[in-house]
Undergrad: 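Would you mind keeping the following structure in view while I ask a few things?
Remember, predicted model here, so these are calculated numbers, not experimental data. In listed order, ligands and their atoms are each counted from 1.
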Amino acid sequence: MSENISVLGLGLMGTALAESLLAAGHQITVWNRTPAKAEPLLARGAKQAATPEEAVAASPLVIACLLDYPSVRATLESASPEGRVIANLTTGRPSEARETAEWVAGRGGEYVAGGIMAVPQMIAQPGALILYSGSRAAFERYEGALSAMAEPRFTGDDPGMAPLLDLAMLTGMYGQIAGLLEAAALVRSAGYPLTDFVPSLLVPWLNAMAAQQPLWAEKMASGDHSTQVSNLEINRAGVANLVQTFYEQGVKPDLLLPLKAVIDQRTARGLGHEGLSGLIEEL
Ligand code: FVH
């Protein structure tokens, strides 16, 4: 079913979102602070709103994808969200999403927060995912249209949930990047080719380790941190050895030291018999 949808924000991501909605046959109205960025979309049939107010008035579903939440609030300030669903796909904090949901509800609108788990090139491609939370009724009303951009997944009535999960996913990613950077620095210090180490050794190893993470999730959810593999004491000695190796190779282990500190803290409490999953209790 073709829907009228307004898109606020035509940066890299907003443009990709608007393109995917146009390609799916929806009637799109766009607004961007810098109007010239709308031109390619206008050539493909989108309409341009002169102001955010005009864009919000044009469609019952308004998708915002701007720099940050303050820019969204400033953009929406003079628009009336009454009778509108505001789907804000801008990255933000859970507290910002909850405040904005209240602000929209206080003006007679419905609010859905989103977390985009994709880069612009992935939009409308298999593997792209957008997390949503907030008004379940609004999400269900527009789930079909939203699926043109990426697989939509509703994560709860709390508007802060999708942003929190988005940030948690990014946290996992940054942890992986930290591991990659430290490992690569160590390998480079020994003159081994990174173009061999990363694809043929590190990536298969990380994939094998990632396959264990659902079991970790069960442990962390239950609070049962018993282990049949390396306990914390073994890991404490292992990470100390690893850090020492970095110093000997002239490489800074700065991204590993916070992990070492938490392992040391947990074992100092006499919990060295537990598995690594027990570290969650220290956090
Ligand atoms: N690009 C990505 O890979 C990531 C993937 C995950 C989700 N993010 C989030 O998406 C939001 C937008 O990101 P973006 O990549 O589209 O960013 P830009 O290309 O830099 O476009 C920014 C747009 O925001 C407009 N804008 C900036 N400040 C203001 C303001 N004060 N008032 C109104 N609009 C503002 C900007 O307008 P202009 O510069 O073209 O006039 C762009 O439309 C972001 O939350 C990511 O974290 C993307």
Side-chain angles (χ1 to χ4, degrees), residues 5-22 28-44 46-59 61-81 86-101 103-104 111-134 146-153 155 159-177:
I5 304 172
S6 291
V7 177
L8 304 178
L10 297 176
L12 293 175
M13 184 54 84
T15 298
L17 299 176
E19 279 172 353
S20 68
L21 294 165
L22 270 174
I28 305 302
T29 301
V30 295
W31 174 86
N32 194 56
R33 181 180 64 174
T34 307
K37 286 192 186 170
E39 279 162 20
L41 290 161
L42 303 183
R44 295 179 57 184
K47 292 180 196 149
Q48 185 164 31
T51 61
E53 299 80 58
E54 203 179 300
V56 171
S59 312
L61 172 61
V62 178
I63 294 175
C65 189
L66 300 175
L67 174 68
D68 54 14
Y69 263 71
S71 61
V72 172
R73 289 294 293 271
T75 297
L76 287 176
E77 199 58 50
S78 52
S80 169
I86 307 292
N88 185 10
L89 307 188
T90 304
T91 305
R93 299 191 304 279
S95 59
E96 292 178 302
R98 292 181 192 120
E99 282 165 21
T100 307
W103 185 88
V104 171
Y111 186 78
V112 181
I116 303 175
M117 308 317 304
V119 295
Q121 295 74 10
M122 289 169 66
I123 293 301
Q125 303 296 320
L129 172 70
I130 302 184
L131 306 171
Y132 294 93
S133 66
L146 297 174
S147 66
M149 302 184 289
E151 178 196 331
R153 194 171 308 178
T155 60
M161 188 57 79
L164 184 136
L165 293 173
D166 181 1
L167 298 181
M169 304 267 279
L170 293 177
T171 301
M173 180 193 77
Y174 284 124
Q176 198 181 50
I177 289 171

Undergrad: Filter the ligand 1-protein atom pairs down to N or O on both sides and distance under 3.5 Å, then list them.
TA:
{"unit_1": "ligand 1", "atom_1": "16 (O)", "unit_2": "Leu12", "atom_2": "N", "d": "3.2"}
{"unit_1": "ligand 1", "atom_1": "16 (O)", "unit_2": "Met13", "atom_2": "N", "d": "2.8"}
{"unit_1": "ligand 1", "atom_1": "19 (O)", "unit_2": "Leu12", "atom_2": "N", "d": "2.9"}
{"unit_1": "ligand 1", "atom_1": "24 (O)", "unit_2": "Leu67", "atom_2": "N", "d": "3.1"}
{"unit_1": "ligand 1", "atom_1": "28 (N)", "unit_2": "Arg33", "atom_2": "NH1", "d": "3.4"}
{"unit_1": "ligand 1", "atom_1": "39 (O)", "unit_2": "Arg33", "atom_2": "NH2", "d": "2.9"}
{"unit_1": "ligand 1", "atom_1": "40 (O)", "unit_2": "Asn32", "atom_2": "ND2", "d": "2.9"}
{"unit_1": "ligand 1", "atom_1": "40 (O)", "unit_2": "Lys37", "atom_2": "NZ", "d": "2.6"}
{"unit_1": "ligand 1", "atom_1": "41 (O)", "unit_2": "Arg33", "atom_2": "NE", "d": "3.0"}
{"unit_1": "ligand 1", "atom_1": "41 (O)", "unit_2": "Thr34", "atom_2": "N", "d": "3.1"}
{"unit_1": "ligand 1", "atom_1": "41 (O)", "unit_2": "Thr34", "atom_2": "OG1", "d": "2.5"}
{"unit_1": "ligand 1", "atom_1": "43 (O)", "unit_2": "Leu10", "atom_2": "N", "d": "3.2"}
{"unit_1": "ligand 1", "atom_1": "43 (O)", "unit_2": "Gly11", "atom_2": "N", "d": "3.2"}
{"unit_1": "ligand 1", "atom_1": "43 (O)", "unit_2": "Asn32", "atom_2": "OD1", "d": "2.7"}
{"unit_1": "ligand 1", "atom_1": "45 (O)", "unit_2": "Leu66", "atom_2": "O", "d": "3.1"}
{"unit_1": "ligand 1", "atom_1": "45 (O)", "unit_2": "Leu67", "atom_2": "O", "d": "3.1"}
{"unit_1": "ligand 1", "atom_1": "45 (O)", "unit_2": "Thr91", "atom_2": "N", "d": "3.0"}
{"unit_1": "ligand 1", "atom_1": "47 (O)", "unit_2": "Thr91", "atom_2": "OG1", "d": "2.8"}

Undergrad: Nearest 0.5 Å, please: how far is CG in Leu21 from CD1 in Ile63?
TA: 5.0 Å
Undergrad: Using a cut-off of 6.0 Å, state whether more than 12 heavy atoms not belonging to Gln176 lie near its atom CD.
TA: no
Undergrad: Can you name the closest pair of heavy atoms from Cys65 and Ile116 and give their distance?
TA: SG-CD1, 4.2 Å
Undergrad: So do Val7 and Ile28 actually touch side chain to side chain, heavy atoms under 4.5 Å?
TA: yes
Undergrad: What is the distance from atom CZ of Arg153 to atom CE of Met117, rounded to the nearest 0.5 Å?
TA: 11.0 Å
Undergrad: Between the main-chain N or O of Leu67 and the side-chain N or O of Thr90, is there a donor-acceptor pair closer than 3.5 Å?
TA: no
